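Each residue takes its place number in the sequence, starting with 1. Every number for a ligand or one of its atoms is a count from 1 in the order of the listing. This structure is a prediction, so every number in the text was calculated from the model and none was measured.
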Amino acid sequence: MPVARTEVAIVGAGPAGLLLGRLLGNAGIETVVLELRDRDHVEHRQRAGILEQATMDVLEAAGVGARMVRERLLHDGVELRFGGAGHRVDLHGLTGRRVAIYAQTEVVKDLVAARLEAGVPLDFEVSDVAVSGLDTDAPTVTYTHDGERVELRCEVVAGCDGFHGACRQAIPEAAMTVVERDYPFAWLGILAQVAPSSPELIYANHEDGFALASMRSPEISRLYVQCDAADELEAWSEDRIWAALHTRLATDDGWTLREGPVLDSSITPMRSHVASPLRHGRLFLAGDAGHIVPPTGAKGLNLAVADVTVLAAALIDHLHHGDDAGIDAYSDRALDRVWRCEHFSWWMTAMLHRFPGADGFDRALQRSQLDYLAASEAARTSLAENYVGLPL
Ligand code: APR
Ligand code: PHB
């Protein structure tokens with residue numbers, strides 16, 4: 001079996017793995033990125049679309065933000081819509097920070113292009129990845145690539161392989177605690193070839209269910225409706241999707257939603273999930289490999305960026321200076337931000353969705369929370385500072 005060597009083996013070429021590789025490469029640390037799928041798949045998976053200011057700053061500082069700066073749509077606010085009326089949350093006015101619309105697909109494309117341009121290893125379509133020796137100072141990652149089994153010897157393994165990845169499975173159950181919550185609904189998302197119907201995002205609480213009007217560009221809308229957790233796409237014709245969006249986003253002042261050709265559609269399950277610690281010996285978990293948030297708070301991608309920003313600094317101190325304070329503190333430090341985002345995402349989800357079996361008391365609590373946000377600048381400031389993201 002051919003033996004290869006690197007300093008940090010990174011499993012997963014999503015935002016977490018690719019950005020970690022970039023941050024470490026910028027510090028002169030050798031990495032190999034191993035990815036299960038092919039390039040086209042990872043660059044076109046429809047996922048998130050909101051970048052926090054901290055995320056934008058990290059991408060720019062890492063030298064992979066030029067196209068993002070050119071093409072992003074900067075947003076100063078979001079709208080909460082309920083009871084037939086909209087209520088704007090002035091993110092920038094309340095916090096001095098803003099968010100950007102820049103699709104995760106574009107972030108991944110920028111990171112892949114930068115890695116290939118740097119000429120450093122990025123193996124797509126690997127299979128049968130196995131990690132071992134995590135409790136030694138010479139862990140290995142074995143995998144199959146181009147029909148050949150390879151042993152990659154390294155000093156550190158970064159598990160950036162998402163919720164269904166292999167790395168976390170390599171941690172003994174007794175060494176890890178997992179807490180989770182599955183929500184009794186899902187999101188059906190569409191990409192439509194039509195100009196967005198509003199300049200900013202609209203989050204709608206409606207008796208029929210949640211809806212979100214987002215966007216990808218001045219020409220492309222990104223729209224979501226709450227659906228049953230067990231729903232399949234086949235149960236949702238385009239007519240049914242548009243009808244639900246019109247109903248749930250309607251206002252008393254006659255605002256109208258533009259329709260257009262549907263380019264892509266998918267159903268996303270809703271779950272909260274946190275594994276701890278995010279470290280086992282020489283294995284460090286980052287991004288979805290360690291935690292999942294429901295998309296209501298737009299935190300998944302931003303949490304992945306936050307994790308690897310902390311992890312990269314820690315690994316640089318460890319590998320270049322023999323200082324282990326950062327790697328020893330990584331899990332606790334990352335999880336502090338994870339839990340802030342888990343709570344915010346849960347809170348937004350609880351406030352905006354129609355829960356099966358919810359009674360009049362539940363619905364009154366939701367309405368009271370929404371009315372309080374509409375009436376109180378203090379309440380909107382709390383939402384705003386969580387939405388734009390606390391400083392890294
Ligand atoms: N070996 C190699 N690669 C793997 C393996 C494996 N065994 N299992 C999964 N992968 C790859 C996946 O194909 C994917 O490309 O790991 C990558 C993980 O990327 P993401 O799932 O995007 O996770 P992450 O990089 O943490 O980014 C989090 O992505 O899923 C969204 O909502 C999430 O926006 C958030 C962001
Ligand atoms: C998106 O545009 O995909 C999006 C925006 C905000 C969210 C979730 C998804 O809360």
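Taking distance alone, with nitrogen or oxygen atoms compared against 3.5 Å, Pro295 approaches ligand 2 more closely than that limit. Residue Trp187 places no N or O, backbone or side chain, under 3.5 Å from any N or O of ligand 2. For Tyr224, a nitrogen or oxygen atom sits less than 3.5 Å from a nitrogen or oxygen atom of ligand 2, counting backbone and side chain alike. For the pair Ala16 and ligand 1, the shortest N or O to N or O distance falls below 3.5 Å.
A salt bridge between Asp328 and Arg279 is present, with a side-chain N of the basic residue lying under 4.0 Å from a carboxylate O of the acidic one. Comment: Arg240 does not engage Glu238 in a salt bridge, judged by the lack of any side-chain N to carboxylate O separation of less than 4.0 angstrom. Looking at Arg271 and Glu180, no side-chain N of the basic residue comes within less than 4.0 Å of a carboxylate O on the acidic one, giving no salt bridge. The existence of a salt bridge linking Arg367 and Asp371 is confirmed by a sub-4.0 Å separation between a basic side-chain nitrogen and an acidic carboxylate oxygen. Remark: Arg97 does not engage Glu385 in a salt bridge, criterion side-chain N to carboxylate O under 4.0 Å. Between Arg248 and Asp208 there is no salt bridge, since no side-chain N of the basic residue sits under 4.0 Å from a carboxylate O of the acidic one.
In this structure, Arg149 places its CZ atom where more than 12 heavy-atom neighbours from other residues, nucleotides or ligands lie under 6.0 Å away. When the shell of 6.0 Å around CZ of Arg37 is examined, it contains 12 or fewer heavy atoms from other residues, nucleotides or ligands.
Val225 and Leu201 sit in two unconnected hydrophobic clusters of ILVMFWY residues. Membership requires side-chain heavy atoms under 4.5 Å apart, directly or through other members.
Arg115 and Thr31 share a side-chain donor-acceptor pair at under 3.5 Å. For the residue pair Thr296 / Ser345, no side-chain donor-acceptor distance below 3.5 Å is found, with atom types taken as modelled.
Proximity to Leu34 (heavy-atom distance under 4.0 Å) selects the following atoms of ligand 1: 2 (C), 3 (N). Near Arg45, the atoms of ligand 1 lying under 4.0 angstrom from a non-hydrogen atom of the residue are 12 (C), 13 (O), 14 (C), 15 (O). If you number the atoms of ligand 1 from 1 as listed, the ones under 4.0 Å from a heavy atom of Ala166 come out as 7 (N). Close approach of ligand 1 to Val11 is summarised as follows: ligand atoms under 4.0 Å from at least one heavy atom of the residue are 1 (N), 2 (C). Shown in contact with Arg47 at under 4.0 Å from a heavy atom are these atoms of ligand 1, numbered in order with element: 21 (O), 22 (O), 29 (O), 30 (O), 31 (C). Heavy-atom proximity to Val129, at under 4.0 Å, picks out these atoms of ligand 1: 1 (N). When each atom of ligand 1 is checked for a heavy atom of Gly287 under 4.0 Å away, the hits are 26 (O). Residue contact check: Leu201 has heavy atoms under 4.0 Å from atoms 5 (C), 6 (C) of ligand 2. If you number the atoms of ligand 2 from 1 as listed, the ones under 4.0 Å from a heavy atom of Gly49 come out as 1 (C), 3 (O). Short contacts between ligand 1 and Arg37, defined as distances under 4.0 Å to a heavy atom of the residue, involve ligand atoms 13 (O). Within ligand 2, the atoms closer than 4.0 Å to a non-hydrogen atom of Ile50 are 5 (C), 6 (C), numbered from 1 in the order shown.
Ligand 2 has no atom lying under 4.0 Å from any heavy atom of Ile101. In this structure, Gln46 does not count as a contact residue of ligand 2, since none of its heavy atoms falls inside 4.0 Å of the ligand.
Side-chain contact between His145 and Phe124 is absent, with no heavy-atom pair separated by less than 4.5 Å.
Looking at Cys160, Gly12, Gly49 and measuring to atom 18 (C) of ligand 1, the nearest heavy atom belongs to Cys160. Of the candidates Ser127, Ala13, Ala286, Gly14, Gly14 brings a heavy atom nearest to atom 19 (O) of ligand 1. The residue among Asp128, Asp288, Leu303 with a heavy atom at the shortest distance from atom 32 (O) of ligand 1 is Asp288.
No donor-acceptor distance shorter than 3.5 angstrom exists from the side chain of Asp38 to the backbone of Glu125, with no hydrogens or angles considered. Formation of a donor-acceptor pair under 3.5 Å by the Lys299 side chain with backbone atoms of Pro294 is not found in this model.
Nearest to atom 12 (C) of ligand 1 among the protein's heavy atoms is Glu35 OE2, 3.6 Å. Distance from atom 9 (C) of ligand 1 to its nearest protein heavy atom, with residue and atom name: Asp161 O, 3.1 Å. For atom 6 (C) of ligand 2, the nearest non-hydrogen atom of the protein is Tyr203 OH, 3.3 Å. Given atom 2 (O) of ligand 2, the protein heavy atom at minimum distance is Ser214 OG, 2.6 Å. Nearest protein heavy-atom neighbour of atom 27 (O) of ligand 1: Pro15 CD, 3.4 Å. The protein heavy-atom contact nearest to atom 3 (N) of ligand 1 is Leu36 N, 3.1 Å. Residue, atom and distance of the protein heavy atom nearest to atom 29 (O) of ligand 1 are Gln104 NE2, 2.9 Å.
At a heavy-atom distance under 4.0 Å, atoms from both the backbone and the side chain of Ala298 approach ligand 2. Contacts between Pro295 and ligand 1, counted as non-hydrogen atom pairs separated by less than 4.0 Å, are absent for every part of the residue.
The six-membered or imidazole ring of Phe82 lies away from that of His206, with a centre-to-centre distance of 6.0 Å or more.
Between Phe210 and His353, the two ring planes are parallel [angle under 30°; tilted spans 30° to 60°].
Results of the side chain to side chain donor-acceptor pair (under 3.5 Å) test with Asp307 over Arg337, Arg333, His291 single out His291 as the only residue that passes.
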